[in-house]
Colleague: 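Once you've had a glance at the structure underneath, I'll fire off some questions.
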Amino acid sequence: MLITDRDCKRGGERFAIPTQGEIQGKLVLLEVVAITCLKSLLSSKSAAEIASLKEEIFLSMNEHCAPFGLSSEDENAVDEYAREFFDAAKEAAAKSSEASVTGASHRG
């Protein structure tokens, strides 16, 4: 995406502005990695630890978004997306634990 030897590249690789596909691909990768890590983490934590983790994530997210000067509407959208993201990871962790318990009971 951002490389110094851009002039030697052919096709779209030589343009300084990334394509929408490159951006989407990187966002999908980050989302998959984050959900996978959260899913693993959430499946082995107590409710108090999960609440603490969620609070830490939201505080860190707000700190990282602050320099961008987002409008209040954009801040609310980011906050809502983060909540949906976290909830999706919790659901995935719950389904994963249910599947492993169900699979273990069928084997035993």
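When reading the values below, keep in mind they use all heavy atoms of this one structure, side chains included, and skip hydrogens, waters and symmetry mates.
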Colleague: Minimum heavy-atom separation for Lys54 and Asp87, please, with both atom names.
Modeller: NZ-OD1, 3.9 Å
Colleague: If you round to the nearest 0.5 Å, how far is CG of Leu59 from CD of Glu63?
Modeller: 6.5 Å
Colleague: Work out which heavy atom in Val78 is nearest to a heavy atom in Met61; give both atom names and the distance.
Modeller: CG1-SD, 3.6 Å
Colleague: What heavy-atom pair brings Val32 and Thr36 nearest, and what distance separates the two atoms?
Modeller: O-OG1, 2.7 Å
Colleague: Report yes if the side chains of Phe85 and Leu38 come closer than 4.5 Å at any heavy-atom pair, otherwise no.
Modeller: yes
Colleague: Look at atom CD of Glu55 and say whether more than 12 heavy atoms of other residues, nucleotides or ligands are closer to it than 6.0 Å.
Modeller: no
Colleague: Any carboxylate oxygen within less than 4.0 angstrom of a Lys/Arg side-chain nitrogen, looking at Asp79 and Arg83?
Modeller: yes
Colleague: Decide whether Leu53 and Phe58 are clustered together by the hydrophobic rule: side chain heavy atoms of Ile, Leu, Val, Met, Phe, Trp, Tyr closer than 4.5 Å, transitively.
Modeller: no
Colleague: What closest approach, in Å, do Ser60 and His64 show between heavy atoms, and which atom pair accounts for it?
Modeller: O-ND1, 2.8 Å
Colleague: Measuring from atom CD of Glu49 to atom CD of Glu56, what distance do you get when rounded to the nearest 0.5 angstrom?
Modeller: 12.0 Å
